[in-house]
There are 2 protein chains.
Amino acid sequence: MRRDVFQAIADPTRRAIITLIAMQAMTPNAIAENFHTTRQAISKHLRILTECEVVKQEQRGREIYYQLEVKKLKEMDKWIEQFRKIWEDRFNQLDNVLSTMKKKKK
Amino acid sequence: MRRDVFQAIADPTRRAIITLIAMQAMTPNAIAENFHTTRQAISKHLRILTECEVVKQEQRGREIYYQLEVKKLKEMDKWIEQFRKIWEDRFNQLDNVLSTMKKKKK
DNA sequence: ATTTTGCGAAACCGAATAGTTGCATATATA
DNA sequence: TATATATGCAACTATTCGGTTTCGCAAAAT
């Protein structure tokens, strides 16, 4: 069973959960109200997100607040980093072509 | 069957393929040499990557060169963007705490 | 003390996934 | 023309995934 950030955000419901709790911690019930599935299904997603360390729990009485843990998202950001350089390069190349065309027009 | 960037990069082999062809287009055979699976398995991954529009093909005789298509990776980058703000804010908060401690020390 | 509420865990199901082997097809090469 | 090479596609399999229903447990409310 693979448990990493990439697998965590592969599911659209999990991405929505992440966005939802990004600003404030929420309980499973509160989260589930925003979806058309059962609380148990959300609970399962939360378990996966916890195992992937994308969220962390904070018990308060019988309620559990789930909060975003940005560290792992940063890891993914780091992976994309290598490609950001590529598309910036390609943009600059296009930019060069455009300015060359402009000069020729003159 | 879901076909988006997030699903495309969920698999570690596919991530490796993406990194491999990032700098130069490659044929399925050449790509497969870098892995411990069959060429057909790689071919399947390439089909998924093509369907997700993360790579594009260029036929040259009987060979097919697969090349990275950065556009969709940018889409994912855009999704992370919203969280980048959060972790920068948290960093700044930490920074404030640290400078307050420094001032008090004085 | 009893009931309600919030939650996770287990068992089950259909669909998707990642891999395999075998085959068909088109392009090179001898 | 016959053969070798590059590739995709189909059928099959074991495993994982996302969901549901049912249950048990602990904390809160009555």
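Protein chains get the first letters and strands the later ones, always in sequence-line order, with residue 1 at the start of each. Just so you know, these numbers use all the heavy atoms, side chains as well, and skip hydrogens, waters and symmetry mates.
A heavy-atom distance below 4.5 Å is not found between the side chains of Asn29(A) and Ile42(A). Side-chain atoms of Asp4(A) and Met76(A), non-hydrogen and from C-beta on, never get closer than 4.5 Å to each other. Considering only heavy atoms from C-beta on, Val55(A) stays 4.5 Å or farther from Ile17(A) through its side chain. Here the side chains of Arg3(B) and Ile48(B) are in contact, with some heavy-atom distance below 4.5 Å.
The nearest pair of heavy atoms linking Leu68(A) to Val54(A) is CD1-O, 3.5 Å. In terms of heavy atoms, Asn34(B) sits closest to Ala30(B) at ND2-O, 3.0 Å. Annotation for Glu53(B) and Glu69(B): closest pair O-CG, 3.6 Å, computed over non-hydrogen atoms.
In this structure, CD of Gln7(A) is placed 12 Å from P of dT17(C), rounded to the nearest angstrom.
The OH atom of Tyr66(B) sits 14.0 Å away from the NZ atom of Lys56(B) when rounded to the nearest 0.5 Å.
The pair Lys78(A)-Glu81(A) does not count as a salt bridge, with every side-chain nitrogen at least 4.0 angstrom from each carboxylate oxygen. Using a 4.0 Å cut-off between a side-chain N of Lys or Arg and a carboxylate O of Asp or Glu, Lys72(A) and Glu75(A) qualify as a salt bridge.
Shown here are the ring pair (Phe, Tyr, Trp, His ring centres under 6.0 Å) partners of Trp87(B), two or more places apart in sequence or in another chain: there are none.
For residues 53-67 of chain A, proximity to DNA chain D is found at Gly61(A), Arg62(A), defined as any non-hydrogen atom under 4.0 angstrom from a strand atom. Residues from residues 36-49 of chain B placing a heavy atom under 4.0 Å of any atom in DNA chain D, listed by number, are Arg39(B), Gln40(B), Ser43(B), Arg47(B). Looking at residues 15-30 of chain B, you'll see that no heavy atom sits under 4.0 Å from any atom of DNA chain C.
Sorted by first and then second residue, the ring-ring contact (aromatic ring centres under 6.0 Å, His included) pairs with a member in residues 1-58 of chain A read Phe6(A)-Trp79(A); sequence neighbours excluded.
From the 5' end on, the contacts that DNA chain D makes with chain B at under 4.0 Å to a non-hydrogen atom open and close at dA4(D) to dC9(D).
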